[in-house]
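Below you'll find the structure, written out as C-alpha cells, and then a few comments.
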Amino acid sequence: MSQPTNETSPASPPPARRDFIREMVAEDVASDRFGRQIATRFPPEPNGFAHIGHAKSICLNFGIKEEFNGRCNLRFDDTNPFTEDIKYVEAFKQDVEWLGFEWDAELYASDYFETLYDFGELLVTNGKAYVDSQSDEEIREGRGTVTSAGTESPYRNRSVEENLDLLRRMRAGEFPDGAHVLRAKIDMAHPNMVMRDPLLLRIRHAHHYRQGDAWCLYPLYDFAHPLSDAIEGITHSLCTLEFKDNNDIYRWLVHSCGFQRPPEQTEFARLELDYTVLSKRKLLRLVNEKFVSGWDDPRMPTIAGMRRRGVTPEALRAFCETIGVARKPARTELATFEHAVRNDLNMRVPRVMCVTKPLKVVIENYPEGRVEELDASYYPHDVPLTGSRKVPFSRELYIERDDFMENPSKKFYRLAPNREVRLRYGYFITCTGIVKDSSGEISELRCTYDPATRGGDSPDGRKVQGTIHWVSAAQAIDCDLNLYDKLFTIPDPDAVEEGQDFLSVVNPESLVVIERAKVEPSAGGDPIGSRYQFERTGYFVSDPVSQSGRLTFNRTVTLRDSWAKIKEK
RNA sequence: UGCCCCCUCGUCCAAUGGCAGGACAUCGGACUUUGGAUCCGAGAAUGGUGGUUCGAAUCCACCGGGGGCAACCA
C-alpha cells in the first residue's frame, strides 16, 4: 500500500465493494431474470439542488450501470408544477456530470403525461380505477387511520362508462382544481395506508416549467414513478427507505398495467451526516432566509456548495464508496467525510505558504534591501509529484502569530525567546527580542538567522524542534480567507428540542472571514479555482467571488491538528 | 395503537449455519524541513432471553430498542 500511485498497478483491479443491492443485481444478471440489460435510473425532482445524499444515490445507480455493463437514465420526476424549475434541472445535470457520470438518456416524467393518462383510462376500463368526486378533506377522512380502516367513497362504484366520461372531461379541462381525482380501486381497509385507494391523477390548472399549459391533469408520485420506470425498461428501481410502503402500490400498478418482467423496487438507507441537514425543505429555508449565500454556498452540503468549497469529485465518490449501502438508517460522522477529502487532496494539490494572522519578524543580521529566491518544492517527499517554485526571502518577514509564545509551554515546539526554529525552505532563526506596542501587545519580533542553514539544513547537524511557515513582507500578496466550519452546532440539527427550530442551532461561526492574510507571491498568477494546501493550515481553493478585490480563498478542510489535542491537555 | 423495515467495535460497512473482519475515529510508538503525510502497534462490537443445531451475528419465538407510513408532495 505504500507504493506511489503513479506506478502501474497489478493487472486485476481490487474487487468492487459489494452491498446487498449489488449482490441482488449480480444474481439477477446470472439468472437473466429480466431478459434485458440491467437498467437503473437516477430520478430527482427538480425542486432544489443535488446534495451529498443525492451523490450517494448517483454513485449507486451509475455505479451499477458501470459494474454490470448496464445503462442508467437521468430522469426528472417533474410531476408537481408548483415546486419545479428549469434551473434545478440544469444544476442536477451539471452535478452528475461533475461527479464523472454519463447518463444513457435524459428523460422527464412530464414527457410521459400522455402515456400515463392512457394508463389511467386502461385502469378505469379494467375496473381498477375510478373517479372520486369527494373533497380533499373527505378523502383524507375516508382514508382512516393507522389503527382503523378507511371508508369507501360513495363514488367508488361508478360505472366504467361514467368514470371514462368524467376522466375525459377532467382532461379536457371542464372541472376546476380539486373537483375530481382518479383513484386506484384497491382496498380501503388495507393495513398498508398507501394501498387505501391511492390517488393517481389530480386536476391542477397550473403552468408547468416544461409542459407549459398543455396539461391540467398531473399524476402523483405513486402513479408516475412506477410506470416511468416500467416504460423505460428499468430493471432495478432503487430508492430510499421512506418509500418502503410504496413498494406495494408499485408492484400493483406495473402488474395492473400489464408489464411483463417489470422493474423491482429496492430501498436503501438515505445518508445522514453529522452537523448538517439534508432535506430539501430545510436547505431551501437556509437559502431563502439568508443563513447562507445560496445553494452553492461553500457551507452547504450541496454538490455545488462542496465544489465551491474545493472538494473534488474523486473525494466525494470515495466518500460514497466508504459509507457503503445498507438498509439500516445510519448517521455518518463528519470525520469520515473529511478524511475522504484530505486523503484525495493530499495526493494532488501543491503546497504553498500563507500566513493567516501575520506577526512581523525582522532578521537583524540580514542585509537590508537584499532579496533571495529560495527553492521550494510544491510537494512533500512522500507525494509522488514533482514541481517547485521560488519563494523570496528578505530581512522583513511575517510568521504566524500563533507560532510564537513569549512564555512557551513545555510541548510548544515553535518560536519563543532565545529559541531557534526552522523557517520552512529557509533558514534557522533565533528570537532575540520582542517589541510591544502601547497596549502591551507584541507588534514585532527581532531575530537573527544562521546563514549556514540556507534551505533548512544545518551543516553542524544541530536539530531544531519546530519548522514554521512564513512569507517575505514586501513580496507577499494580501488575500482574504473564508474559513468554513460546520453549519450547525449539534450533530443532529433535526433533533432539536420541542418548540425549537433547526435554524436555532445554526453555527454563528460557520464562516469566519480573515482579511489581509499574506500568501506567498507564487499563488498570485494561478487561475481561479486552483487548489492548494497552505502548509500547516489547511486545504484551500481560490474563489471566483471577492468582496474586497483581493484574492479570496475558501478553506476546504483543515489539516488534521494533533497540536490542538495536545493543547487541550 | 395497525402494517412494514431495521438492530454487529464510538461511527460506517463486511462476515449469506463454520476462526466476528475492514475503514473512519481514539490511544501509544517510529519517522519527519508541515505538530501534515506515512509506517507499526493497541483497545474496542453481535440489544436481551429462550429454542433448533455438532456448531448461531446468521434460522425460529418472545421481549426490548430505533425508524417509516394516515400530502390532491416526492
Side-chain angles (χ1 to χ4, degrees), chain A residues 1-2 17-20 23 43-45 47 77-80 82-83 132 134-136 139-141 143-150 177-178 180-183 190-196 199-204 218 220-222 224-225 239-248 267 269 274 280-281 321-340 342-343 346-347 351 353 376-377 380-383 411-414 422-426 428 453 455-457 464-469 533-538 558-567:
Chain A
M1 289 304 287
S2 61
R17 191 194 175 86
R18 279 291 160 103
D19 49 66
F20 77 101
E23 293 289 344
E45 183 190 13
N47 65 348
D77 260 2
D78 54 353
T79 56
N80 185 349
F82 297 128
T83 55
D132 194 356
Q134 296 182 103
S135 68
D136 54 350
I139 288 173
R140 202 176 315 123
E141 283 163 22
R143 192 147 27 225
T145 69
V146 289
T147 52
S148 63
D177 290 5
H180 310 281
V181 291
L182 185 70
R183 296 181 77 173
H190 198 107
N192 181 353
M193 297 293 296
V194 172
M195 295 294 271
R196 321 247 261 226
L199 274 62
L200 306 179
L201 288 169
R202 61 193 192 276
I203 299 171
R204 284 287 176 271
Y218 288 91
L220 283 114
Y221 172 85
D222 279 327
H225 195 85
C239 64
T240 46
L241 247 27
E242 67 272 23
F243 293 101
K244 177 70 197 173
D245 290 346
N246 302 258
N247 207 339
D248 282 348
E267 309 84 19
D274 276 354
K280 277 201 219 152
R281 204 194 101 245
E321 186 86 6
T322 65
I323 58 173
V325 179
R327 239 186 288 249
K328 172 179 62 167
R331 295 191 73 78
T332 296
E333 290 177 341
L334 208 50
T336 307
F337 175 70
E338 293 188 343
H339 174 265
R342 291 191 190 106
N343 199 39
N346 177 45
M347 298 305 284
R351 272 64 171 174
M353 292 193 286
S377 172
H381 60 93
D382 51 2
V383 169
K411 297 219 164 162
F412 188 79
Y413 295 166
R414 290 111 91 160
R422 174 189 298 111
L423 295 179
R424 180 90 159 139
Y425 311 117
F428 287 10
T453 57
D457 284 309
V464 286
Q465 278 266 49
T467 300
I468 63 175
H469 60 281
Q533 184 196 102
F534 289 167
E535 293 217 33
R536 306 205 307 133
T537 303
T558 61
L559 258 31
R560 284 188 76 214
D561 188 1
S562 44
W563 165 243
K565 284 168 198 157
I566 295 167
K567 213 163 44 172

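Letters A, B, ... are given to chains in the order of the sequence lines, protein chains preceding strands, and every chain is numbered from 1.
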Would you please name every residue forming a side-chain hydrogen bond (donor to acceptor under 3.5 Å, both in side chains) with A:Arg202, sequence neighbours left out? none
Dump the pairs, protein N or O against N or O of nucleotides 42-46 of chain B, anything under 3.5 Å, distances to one decimal.
none

Non-neighbouring partners of A:Pro191 that pass side-chain contact (heavy atoms from CB on, under 4.5 Å), sequence neighbours left out: none
Sorted by chain and residue number, the ring-ring contact (aromatic ring centres under 6.0 Å, His included) partners of A:His225 (sequence neighbours excluded) come out as A:Tyr221
With sequence neighbours left out, the residues meeting side-chain contact (heavy atoms from CB on, under 4.5 Å) with A:Asp222 are A:Val194, A:Asn246, A:Ile249
Which residues pass the side-chain contact (heavy atoms from CB on, under 4.5 Å) test with A:Glu242, sequence neighbours left out? A:Thr240, A:Arg270
Would you give a per-nucleotide map of nucleotides 68-74 of chain B, 5' to 3', where B means the base has a protein non-hydrogen atom under 4.0 Å away, S means only the sugar-phosphate does, and - means neither? BBBSBSB
For RNA chain B, stems built from three or more consecutive Watson-Crick or G-U wobble pairs below 3.5 Å: B:2-7 with B:64-69, B:10-13 with B:21-24, B:26-30 with B:38-42, B:47-51 with B:59-63
Kindly write out the residues that satisfy side-chain hydrogen bond (donor to acceptor under 3.5 Å, both in side chains) with A:Gln134, not counting sequence neighbours, or none if the list is empty. A:Asp132, A:Ser153
The criterion is side-chain contact (heavy atoms from CB on, under 4.5 Å); which residues satisfy it with A:Leu199, sequence neighbours excluded? A:Ile139, A:Arg143, A:Val181, A:Arg183, A:Leu220
Does the base of B:G35 carry an N or O that pairs as donor and acceptor with the side chain of A:Arg536 under 3.5 Å? no
Tell me, please, which residues at least two apart from A:Tyr413 pass ring-ring contact (aromatic ring centres under 6.0 Å, His included). none
Just to verify, what does A:His190 make a side-chain hydrogen bond (donor to acceptor under 3.5 Å, both in side chains) with, not counting sequence neighbours? none
